[in-house]
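The chain is numbered in sequence order, starting from 1. Numbering of ligands and ligand atoms starts at 1, following listing order.
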Amino acid sequence: MPYAVLLDLVTASLSYFNKKSIVRLSDLRDFFFDKAAVDRTLLGGQNPIVYEVYDNSQPQSEGHLNFGVTVISPGKVGSEYFMTRGHYHTKEHTSEVYLGIEGEGVILLQRRSGKVACLPIMKGRVIYVPPSWAHRTINTGDGKFSFFYVYSADAGHDYESIRKSGFAKLVVEKGGKPEVVDNPNFIA
Ligand code: 6PG
Ligand code: NI
């Protein structure tokens with residue numbers, strides 16, 4: 001059935017969602033560059049929430065759209081800012097739209113050929129993620145970074161490619177500012 005929800009554009013909260021995911025540092029060990037820094041934090045007894053996803057999940061069949069809000073906490077692992085895992089859609093021809101709501105961040109995009117793009121996201125900015133581009137969002141600010149997304153419900157998520165090869169670029173803090181640098185561990 002058709003339905004409506006409210007998206008609070010100040011607090012970036014949805015009045016309704018049917019799936020909430022909480023992703024902690026321990027879930028992301030394979031995705032951050034400095035795994036020793038992840039281990040030190042975990043061994044120190046801390047396992048912070050890196051991001052949360054509030055999803056309106058539809059049946060995973062062609063024609064439906066999933067939409068929701070992702071909230072990334074502020075923080076870093078070594079010099080790398082808190083971020084999402086990042087993924088290609090399993091159905092490579094599917095696309096996605098992001099709308100910045102709160103805070104500052106960037107979206108890192110990458111094709112399997114190794115071609116990369118990096119676009120800032122902030123309140124009101126709409127980003128189009130075309131088919132075949134992997135995407136990862138990164139919180140480069142001091143507060144929460146939240147955005148709205150919508151994508152094909154049957155797209156699927158290929159996290160394994162990113163787990164194995166990473167992204168060609170890392171977003172790190174240098175001299176108090178975000179910088180996009182080459183990932184020495186990237187496997188093309
Ligand atoms: C998607 C969207 C988006 C994304 C979250 C978390 O296709 O589902 O890109 O909702 O899932 O921002 O990012 P990861 O799925 O990469 O962990
Ligand atoms: Ni996606």
(request) May I ask which of T70, V71, V150 has a heavy atom nearer to atom 5 (C) of ligand 1 than the others do? (result) T70
How many angstroms lie between atom [atom1] of [X] and atom [atom2] of [Y], to the nearest 0.5 angstrom?
X	Y	atom1	atom2	result
H93	H89	NE2	NE2	11.0 Å
K20	D55	NZ	CG	13.0 Å
W133	L109	CH2	CG	6.5 Å
K91	Q60	NZ	CD	9.0 Å

Could you identify the single nearest non-hydrogen protein atom to [atom] and state the distance to 0.1 Å?
atom	result
atom 6 (C) of ligand 1	Y51 CE1, 3.6 Å
atom 11 (O) of ligand 1	H87 CE1, 3.7 Å
atom 13 (O) of ligand 1	T84 CB, 3.5 Å
atom 15 (O) of ligand 1	Y159 OH, 2.5 Å
atom 2 (C) of ligand 1	E96 OE2, 2.6 Å
atom 8 (O) of ligand 1	H157 NE2, 2.7 Å

(message) Applying a heavy-atom cut-off of 4.0 Å, say which part of Y54 lies close to ligand 1: side chain, backbone, both or neither.
(response)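 For Y54, no heavy atom sits under 4.0 Å from ligand 1.
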(request) Please work out whether any backbone atom (N, CA, C, O) or any side-chain heavy atom from C-beta onward of F147 is under 4.0 Å from ligand 1, and answer side chain, backbone, both or neither. (result)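 F147 to ligand 1: side-chain contact only, backbone stays beyond 4.0 Å.
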(message) Given L119, which partner from the list V106, L108, V129, I127 fulfils the side-chain contact (heavy atoms from CB on, under 4.5 Å) test?
(response) I127
Could you tell me which atoms of ligand 1, counted from 1 in the order shown, lie closer than 4.0 angstrom to a heavy atom of [X]?
X	value
H89	7 (O)
R85	16 (O), 17 (O)
H135	9 (O)

(message) For ligand 1, which is the ligand I care about here, please tell me if G86 has any N or O atom under 3.5 Å from one of the ligand's N or O atoms.
(response) yes
(message) Quick one: does any side-chain atom of R85 pair with a main-chain N or O of F31 as donor and acceptor, under 3.5 Å?
(response)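 The answer is no, because no donor-acceptor pair under 3.5 Å joins these two groups.
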(request) Please name the pair of heavy atoms, one in P59 and one in A153, separated by the smallest distance, quoted to 0.1 Å. (result) O-CB, 3.5 Å
(message) Quick check: closest heavy atoms across R40 and D34, and the distance to 0.1 Å?
(response) NH2-OD2, 4.4 Å
(request) Taking the side chain as every heavy atom from C-beta outward, state whether Y16 and N18 have any pair of such atoms under 4.5 Å apart. (result) yes
(message) Quick one, Q46 and L25 - any side-chain contact, counting heavy atoms below 4.5 Å?
(response) no
(message) Ignoring hydrogens and geometry beyond distance, is a side-chain donor-acceptor pair present between H135 and H87 at under 3.5 Å?
(response)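 On atom types as modelled, these side chains qualify, holding a pair under 3.5 Å.
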(request) Check the side chains of N66 and Y149 for a donor-acceptor pair under 3.5 angstrom, ignoring hydrogens and angles. (result) no
(message) For a distance under 2.8 Å, give residue and atom name for each protein N, O or S atom next to the Ni ion (ligand 2).
(response)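 Those protein N, O or S atoms (cut-off: under 2.8 Å from the Ni ion (ligand 2)) are H87 NE2, H89 NE2, E96 OE1, H135 NE2.
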